Participant: 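The structure follows.
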Amino acid sequence: MSMRRTAKRRKAAAAIVIAAGLAFGAVGCGSDNGSPGDAKRPKPKADSRSTPSTTPAADSTKVIAVLRGKKGMVLTLNSAVRDAGGFVTVQGVLKNTSSESFSESSAWRGDETEMQQHGNHLGGATLIDAKERKRYYVLRDTEGRPLATTGIRIIKPAETLPVFMQFPSPPTSTTDVEFQLPTFPSADIEITG
């Protein structure tokens, strides 16, 4: 009988250890200590349709490109910085220079079906590395949301909106890339960092 009790106790102890390990793992997965890119990605809001999510501050004193889109929309790019974690973060400011509100931002999310379900965002942006013949798309989190400015709705006349997009980093030997966003002309930009 004592061997049966010992075996049962060992199984119970093993079950407790496994359960504790799974609980610890679940808590670790839910923490805010994700990948280096997660620290720069704004946290989603309960209703991302109402206001754009907060973006990291761009250095507005430096201009690396100005793209003039349709209906008076102007995208001024302030930086394209290579992060230590293997990412490139492009930051800038969108401005409505027309006298009418702009509500056609859905084109900026691109044509991919998965990107359509996350509201209006800048997930359709790409970087083209002509030297390596590669195209880099905006990164996504584990739920498929773009690591870019989200929650864009109506942009009123003269309104400005700080924006960002995060991409996988091209090789460190690549410093010049072509930036593309639907409805805007492309622009050559330099990656720093």
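Note that the structure is predicted; figures quoted are calculated from it, not measured.
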Participant: Between Ser79 and Ile64, which heavy-atom pair has the shortest distance, and what is it?
Facilitator: C-CD1, 3.7 Å

Participant: Rounded to the nearest 0.5 Å, what separates atom NZ in Lys134 from atom CD1 in Ile128?
Facilitator: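 It comes to 12.5 Å.
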
Participant: Looking at Gly86, is its backbone amide N or carbonyl O close enough to the side chain of Asp83 to form a donor-acceptor pair, meaning the two atoms are under 3.5 Å apart?
Facilitator: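 Checking the backbone N and O of Gly86 against the side chain of Asp83, no donor-acceptor pair under 3.5 Å is found.
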
Participant: Short question: side chain of Arg82, backbone of Pro170 - any donor-acceptor pair under 3.5 Å?
Facilitator: yes

Participant: Passes side-chain contact (heavy atoms from CB on, under 4.5 Å), Leu127 versus Ile189? Steps please.
Facilitator: CA-CA 9 Å; Leu127 294 180; Ile189 62 173; 4.1 Å; yes

Participant: Tell me the closest heavy-atom pair linking Ser101 and Pro157, and the distance in Å.
Facilitator: OG-CD, 3.6 Å

Participant: Would you indicate whether the side-chain heavy atoms of Leu94 and Met73 approach each other to under 4.5 Å?
Facilitator: yes

Participant: Would Ser98 and Lys71 count as a side-chain contact (heavy atoms from CB on, under 4.5 Å) if you check the C-alpha gap in whole Å, the side-chain angles of each, and the deciding distance to 0.1 Å?
Facilitator: CA-CA 7 Å; Ser98 78; Lys71 297 191 176 180; 5.5 Å; no

Participant: Distance check, rounded to the nearest 0.5 Å: Glu104 atom CD versus Ile155 atom CD1?
Facilitator: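 If I round to the nearest 0.5 Å, the distance is 11.0 Å.
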
Participant: Run the numbers on Phe167 and Ile191 for side-chain contact (heavy atoms from CB on, under 4.5 Å), then give the verdict.
Facilitator: CA-CA 11 Å; Phe167 303 90; Ile191 299 173; over 6 Å; no

Participant: Quick one: closest heavy-atom pair of Val138 and Ala125, and the distance?
Facilitator: CG2-O, 3.5 Å

Participant: For side-chain contact (heavy atoms from CB on, under 4.5 Å), just list the numbers for Asp188 and Asp176, CA-CA rounded to whole Å, side-chain angles, deciding distance to a tenth of an Å, and then say yes or no.
Facilitator: CA-CA 7 Å; Asp188 294 328; Asp176 297 319; over 6 Å; no

Participant: Using 30° and 60° as the class boundaries, would you call the ring planes of Trp108 and Phe102 parallel, tilted or perpendicular?
Facilitator: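 Ring orientation of Trp108 relative to Phe102: parallel.
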
Participant: Quick check for you: to the nearest 0.5 Å, what is the distance between Asp141 atom CG and Gln166 atom CD?
Facilitator: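 Rounded to the nearest 0.5 Å, the CG-CD separation comes to 11.0 Å.
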
Participant: Quick check: closest heavy atoms across Pro182 and Gly124, and the distance to 0.1 Å?
Facilitator: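 Smallest interatomic distance, heavy atoms only, reads CD-O, 3.5 Å.
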
Participant: Mind checking whether Leu161 and Leu67 sit in one hydrophobic cluster, side chains of I, L, V, M, F, W, Y counted as touching below 4.5 Å?
Facilitator: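 Result: yes, single cluster for both.
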
Participant: Let me confirm one number: the CG-CD1 distance from Asn96 to Ile154, rounded to the nearest 0.5 Å.
Facilitator: 11.0 Å

Participant: Is it true that the side chains of Glu190 and Thr175 contain a donor and an acceptor less than 3.5 Å apart?
Facilitator: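 On atom types as modelled, these side chains do not qualify, holding no pair under 3.5 Å.
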
Participant: Taking atom types as modelled, is there a side-chain donor on Gln180 or Thr126 under 3.5 Å from an acceptor on the other?
Facilitator: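 There is such a pair (donor and acceptor under 3.5 Å, judged by atom type) between the side chains of Gln180 and Thr126.
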
Participant: For Pro171 and Tyr136, which heavy atoms make the closest approach, and how far apart are they?
Facilitator: CD-OH, 3.6 Å

Participant: Taking atom OG1 of Thr89 and atom CZ of Phe87, what is their separation to the nearest 0.5 Å?
Facilitator: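 Interatomic distance, Thr89 OG1 to Phe87 CZ, rounded to 0.5 Å: 8.5 Å.
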
Participant: Keeping Thr97 on the side-chain end and Gly72 on the backbone end, is there a donor-acceptor pair under 3.5 Å?
Facilitator: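 At least one qualifying donor-acceptor pair exists.
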
Participant: Quick one: does Leu122's side chain get under 4.5 Å of Ile152's, heavy atoms only?
Facilitator: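 Result yes, sub-4.5 Å side-chain heavy-atom pair found.
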
Participant: Do the non-hydrogen side-chain atoms of Thr149 and Met165 ever get within less than 4.5 Å of each other?
Facilitator: no

Participant: May I ask you to decide if Lys62's main-chain N or O and Asn78's side chain share a donor-acceptor pair within less than 3.5 Å?
Facilitator: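 Indeed, once roles are kept as given, a pair shorter than 3.5 Å links the two residues.
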
Participant: What distance separates Arg68 CZ from Thr76 OG1, expressed to the nearest 0.5 Å?
Facilitator: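 Nearest 0.5 Å value for the CZ-OG1 distance: 7.5 Å.
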
